Amino acid sequence: MSRVFPTVRQVLALDPVRRGAPRLVAGEVGLDRPVRWVHVAEVPDIATLLGGGELVLTTGIGLPADDARLRTFIADLAGVGVSGLVVELGRRYLTGVPKVMAAAAGRHGLPLVELRRATPFVRITEAVHALIVDAQLTELRATEEIHQRFTELSVEGAEPDEVIRQAADLSGCPVVLENLSRQVLAYDPARENAELLLDGWEQHSRRIRPTGRTAYDPDSGWLVTMVGARGEDWGRLLLRWPSGVDLGPGGADLGPGGTDPSGPGDGESDGADDVVRGLAVPPTRLTILVERAASTLALGRLIRRDAEGWERQIHRTLLTALLDRTRPVDEVALRARALGLVLDRRHLVGVVVRHRGDDPADNGPAADPGGDPALAGGEPGAARLRDLAETVGQALREANLTGLTSAVDDQAVGVLLALADAAGEERALTAFAAALRRTRPDSRPPDPASRRPGNLIIAAGSGVGSLREAGRSLIEARQVAEAARRDRRDLPIFRLPHVGLAGLLHLLRDEPRLQTFVERELGALLAYDARHPREQLLGTLRAYLEQGRNKSAAAAAAHLSRPAFYERLARIGRILDVDLDSVDACLSLHVALLALDAIRAP
């Protein structure tokens with residue numbers, strides 16, 4: 001029966017009932033039965049006219065006098081499923097209902113209540129029926145808001161985090177989205193402690209085993225629905241609704257004793273004390289809410305079926321948070337732990353894997369792992385990056401390593417390795433690089449006779465001992481990978497010492513003092529080239545410095561005759577006001593050129 005109906009307990013809390021000084025005589029186990037209607041009856045065979053869910057009010061004047069027929073009367077009421085029986089004392093029964101009636105009600109679990117003061121039954125029926133109507137309207141409005149909110153989210157293509165946040169906001173309850181392996185994909189604690197909510201989540205989740213596609217598990221207090229589409233489920237959505245906290249359709253909480261503490265002032269017990277039990281099922285609106293949220297999540301996944309998986313999206317979010325410091329470190333650790341990855345109290349190493357070239361055409365046609373020709377032809381860069389991310393993830397699994405992994409920009413895939421201790425760092429990096437080259441054939445170095453380096457660059461930052469320093473290791477790995485693009489060696493893994501001066505300058509490329517140095521050394525020549533685009537004297541200077549100031553070799557490298565080359569060198573000397581035969585002057589210019597390359601690098 002729908003939870004829009006009040007329970008017997010809630011009816012007993014209404015003012016018209018309290019004025020009658022109610023006392024629960026028997027059937028306390030049935031106090032949470034819903035009351036569908038209130039019926040006044042004074043005949044013994046009323047059960048034949050009832051359909052179940054009614055609260056029967058009577059003065060008892062028409063009830064049978066013998067014990068056997070009283071037992072039958074109670075059994076008949078229980079048999080048709082009435083919610084309870086309320087007897088007003090004073091007309092048929094002066095001091096209390098017969099003991100045989102109380103005993104029969106107790107056996108059937110039928111709430112039997114005495115009204116010890118005269119009470120107009122019409123006031124009770126009006127109050128209960130108004131409560132039912134108001135609750136139905138409230139439930140209808142809440143349901144309408146739920147449908148409207150999640151329809152908007154579906155149309156907007158909202159991310160899972162936003163869908164979960166809205167579900168928690170509408171319900172006021174913690175909400176968790178997990179995959180079929182019981183790993184948390186998204187959550188909102190609804191102002192509760194997130195760490196306590198997710199602590200030992202996988203073990204806790206496996207104990208939540210409701211029956212049915214959408215069901216409530218009263219033992220754990222979680223309302224659960226499956227998430228999926230087209231006959232394929234991929235997760236569960238859980239909303240925690242501990243029984244006993246619902247205020248009911250009318251917002252009337254019975255309090256710890258089930259009756260108004262300001263009730264009858266005659267000093268007698270109301271009889272409902274110490275019998276409070278939690279509501280058996282959550283309100284209907286919460287069931288509707290989780291099902292609509294689940295369908296919104298499933299639809300969003302179908303729309304984004306060609307995009308990266310949600311697990312990788314979470315990895316991307318956490319890696320980005322470490323790089324940009326957009327989330328507290330403790331939150332990153334908590335979310336990673338909920339995903340089954342422990343980052344705190346681990347030795348962490350940032351790794352970046354990227355192609356040497358930015359243009360997909362540099363490395364041949366991109367292959368979309370999903371086999372979508374539209375993606376392969378229309379977005380080669382995105383498809384190539386997804387392919388690389390899949391390869392890196394597979395290499396991690398083959399090397400038996402754990403860590404966060406996702407694309408960190410348009411060209412590179414980042415990894416934050418989580419190792420047990422610093423001693424295993426080199427071994428882990430070697431195993432990862434070997435697994436990556438086995439998984440990705442085109443990343444292997446070419447034939448030794450070839451002068452071309454391998455397709456992929458694997459760069460690692462310095463290992464760190466805490467998650468708060470992980471961003472530094474990742475940033476260093478990304479900078480080393482960028483600097484290594486100009487290195488023609490085929491090293492299994494590039495580290496900071498491998499990239500030399502070019503790597504150092506790349507690390508410092510955002511430093512204003514380095515940029516000032518470049519402008520001081522080369523600014524006049526860059527300005528001249530801007531005014532004379534056909535000459536480009538910077539290339540002449542580069543050839544001269546890269547050939548070790550050997551003018552003949554530099555002229556050949558620049559495809560110029562020696563007289564023309566010498567004339568250009570002389571012009572460069574005049575523009576920069578330097579002696580190009582000076583070792584110190586040329587060293588300074590060469591460093592400035594390398595710094596300019598680092599600053600201009602994307």
Side-chain angles (χ1 to χ4, degrees), residues 323-325 350 352 354 356-358 408-409 411-412 457 459-462 471-489 491 494-551 553-555 557-558 560 565-602:
L323 283 166
D324 301 337
R325 294 179 173 84
V352 167
R354 63 159 298 146
R356 286 188 182 269
D358 290 336
V408 292
D409 55 39
Q411 305 294 336
I457 293 171
S462 303
R472 174 169 58 83
S473 182
L474 285 164
I475 290 172
E476 182 180 308
R478 184 158 63 179
Q479 292 172 333
V480 169
E482 178 63 32
R485 293 172 57 203
R486 298 164 185 80
D487 196 308
R488 312 313 292 173
R489 293 173 295 175
L491 298 179
F494 281 89
R495 308 296 292 266
L496 191 57
H498 295 142
V499 295
L501 178 60
L504 174 63
L505 294 173
H506 186 80
L507 295 177
L508 299 174
R509 67 178 184 168
D510 294 325
E511 171 61 49
R513 286 174 292 184
L514 181 64
Q515 297 169 8
T516 301
F517 168 73
V518 171
E519 287 301 312
R520 185 176 64 246
E521 294 293 316
L522 299 174
L525 189 61
L526 293 172
Y528 180 89
D529 280 353
R531 295 193 303 270
H532 306 84
R534 298 185 63 179
E535 292 190 40
Q536 295 301 306
L537 295 180
L538 187 69
T540 303
L541 177 62
R542 187 188 300 277
Y544 176 63
L545 297 175
E546 288 181 349
Q547 296 299 322
R549 297 188 299 119
N550 184 318
K551 295 180 182 178
L560 293 171
F565 187 81
Y566 296 160
E567 192 276 328
R568 284 193 172 205
L569 280 184
R571 197 181 318 158
I572 291 171
R574 290 193 299 271
I575 293 171
L576 296 178
D577 193 22
V578 296
D579 180 7
L580 293 181
D581 290 327
S582 167
V583 175
D584 288 343
C586 288
L587 176 60
S588 182
L589 289 172
H590 202 173
V591 171
L593 269 176
L594 292 175
L596 179 64
D597 291 341
I599 293 169
R600 286 178 169 177

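This structure is a prediction, so every number in the text was calculated from the model and none was measured. Start at 1 with the first residue, then count along the sequence.
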Between atom [atom1] of [X] and atom [atom2] of [Y], what is the distance when rounded to the nearest 0.5 Å?
{"X": "F517", "Y": "L596", "atom1": "CZ", "atom2": "CG", "result": "11.0 Å"}
{"X": "L594", "Y": "L589", "atom1": "CG", "atom2": "CG", "result": "11.0 Å"}
{"X": "L514", "Y": "E519", "atom1": "CG", "atom2": "CD", "result": "11.0 Å"}
{"X": "H590", "Y": "R549", "atom1": "NE2", "atom2": "CZ", "result": "12.0 Å"}
{"X": "C586", "Y": "L541", "atom1": "SG", "atom2": "CG", "result": "7.5 Å"}
{"X": "L526", "Y": "L576", "atom1": "CG", "atom2": "CG", "result": "9.0 Å"}

(message) In terms of relative ring orientation, are Y528 and H532 parallel, tilted or perpendicular, with 30° and 60° separating the classes?
(response)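 Because their plane-to-plane angle is under 30°, the rings of Y528 and H532 count as parallel.
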Restricting to non-hydrogen atoms, name the atom on [X] and the atom on [Y] that form the minimum distance, rounded to 0.1 Å.
{"X": "L580", "Y": "L569", "answer": "CD1-O, 3.4 Å"}
{"X": "S462", "Y": "S473", "answer": "O-OG, 2.8 Å"}
{"X": "P533", "Y": "A530", "answer": "CD-O, 4.0 Å"}
{"X": "L593", "Y": "L538", "answer": "CD2-CD1, 3.6 Å"}
{"X": "I457", "Y": "A481", "answer": "CD1-O, 3.9 Å"}
{"X": "G461", "Y": "R495", "answer": "O-NH2, 3.0 Å"}

(message) Run L474 and V408 through side-chain contact (heavy atoms from CB on, under 4.5 Å) and show every step you take.
(response) CA-CA 10 Å; L474 285 164; V408 292; 5.9 Å; no
(request) Indicate yes or no: at least one non-hydrogen side-chain atom of V480 is less than 4.5 angstrom from one of V352. (result)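 With C-beta onward as the side chain, the pair stays apart.
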(message) Do E535 and T540 have side chains that approach each other closer than 4.5 Å (heavy atoms only, starting at C-beta)?
(response)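 Result no, sub-4.5 Å side-chain heavy-atom pair not found.
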(message) Walk me through whether E482 and R478 qualify under salt bridge (Lys or Arg N to Asp or Glu O under 4.0 Å).
(response) CA-CA 6 Å; E482 178 63 32; R478 184 158 63 179; over 6 Å; no
(request) Give a yes/no verdict on a cation-pi contact between K551 and F565, requiring under 6.0 Å between NZ or CZ and the six-membered ring centre and an angle within 45° of the axis. (result)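 K551 over F565 ring: no.
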